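Below: one structure, written as structure tokens.
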Amino acid sequence: MSEFFLQMGRDSSKYFYFSYILIGVIITIYTISLIVRGKRSRKDG
Amino acid sequence: MKIKSFAMITSIIAVILNLFALYMVFFYAPIEIQMGAAQKIFYYHVPSAISSYIMLFVSFLFSIIFLVTKNELADLWAYAGAEVGLVFILCVLISGPIWGRSAWGKWWVWEPRLTTFLILFLMYFSYILLRTFSSEEMKSKRISAILSIIAFLDVPIVNRAIALWGSVVHPKKVALEKEMWQTFIVSFLAVLFLAFSFLLWRVYIGIYKERKNE
């Protein structure tokens, strides 16, 4: 039984990594968009 | 400028806290026996949801202030709150189905909490569309302030959805081990500081832009 749960844990780790990668991508894209907007508004001035 | 210093400080704290939180998520928090490693999605999924509610509350509050006072700065805070709130709503909407696929075997279930949360996303998405593509500036600011107030009314509904209508997938109460609670608290603070740093930078950029336009 414990082997069954261990196997399940190993299998579900791909969902864990995939989710954290996607959250990281969203946060990175928004950070870049803020940097770009900040630089652009400074340049326009 | 004061707001820039605040933004800088919160950003530095956010980076340190997030590095610490990720370390705890990956190496400190134990693996839950039933859901396995996928349960660890919880440590950024739930804090993202709570942080989005806080950001939407900022938008709600400043939308009321804008409608009463017509203060442009209040509108800027309301816009920034809605935008940052939407970013974290997106994090919840992306991590949730991945967790759901692993735990329930389905990407999406049309149950009260998920449905009301999707409605929340759609309302704030329309807010951003309205602000981005509207040509009449003052009118769009007024309409979006009203939209933000109405949209925020969905937040307590999302929060109470399980108690009101029940759920086939979400538990009513969550039981966590001590190490899991500690990891959750650190990751919650990490996401909250990240949200506030985004909010402050967004307001700073807005103020900077408006000053240049004057």
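Treat the numbers as computed from the prediction; the structure is a model and nothing was measured. Quick note: numbers below take in every heavy atom, side chains included, and nothing from hydrogens, waters or symmetry partners. In what follows, chains are A, B, ... by sequence order, proteins preceding strands, each numbered from 1.
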- Query: Around B:E72, counting heavy atoms of other residues, nucleotides and ligands shown, do more than 12 lie under 6.0 Å from its CD?
  - Reply: yes
- Message: Looking at every heavy atom in both A:I23 and B:S95, which two are closest together, and how far apart are they?
- Response: CD1-CB, 3.8 Å
- Note on the structure: Smallest heavy-atom separation, B:I205 atom then A:L34 atom, equals CD1-O, 3.2 Å
- Out of curiosity, A:I29 CD1 to B:L90 CG, how far, rounded to the nearest 0.5 Å? 9.0 Å
- Task: Take atom OH of B:Y23 as the centre, draw a 6.0 Å sphere, and report whether it contains more than 12 heavy atoms from other residues, nucleotides or ligands.
- Result: no
- Only counting residues at least two apart or in another chain, list the ones meeting salt bridge (charged side-chain N to carboxylate O under 4.0 Å, His left out) with B:R101. none
- For a side-chain contact (heavy atoms from CB on, under 4.5 Å) with A:F16, tell me which candidate from B:F26, B:F42, B:Y43, B:W99 qualifies. B:F26
- Would a 4.5 Å heavy-atom cut-off, applied to side chains only, mark A:Y30 and B:V84 as touching? yes
- In short, B:K40 meets A:Y20 closest at the heavy-atom pair O-OH, 2.6 Å
- Note on the structure: Within residues 111-132 of chain B, contacts to chain A at heavy-atom distances under 4.5 Å involve none
- Query: Is any side-chain heavy atom of A:T31 closer than 4.5 Å to a side-chain heavy atom of B:W201?
  - Reply: no
- Message: Counting only heavy atoms not in B:F193 (residues, nucleotides, ligands), do more than 12 fall under 6.0 Å from its CZ?
- Response: no
- Check whether B:I41 gets within reach of chain A through its side chain, its backbone, both or neither, counting any heavy atom under 4.5 Å. both
- What part of A:I27 gets closer than 4.5 Å to chain B, counting heavy atoms only: side chain, backbone, both or neither? both
- Query: Where does A:Y15 contact chain B at under 4.5 Å (heavy atoms): side chain, backbone, both or neither?
  - Reply: both
- For the residue pair A:R37 and B:R202, establish whether any side-chain heavy-atom pair is separated by less than 4.5 Å. yes
- Query: Take atom CH2 in B:W181; do more than 12 heavy atoms of anything else shown fall under 6.0 Å from it?
  - Reply: no
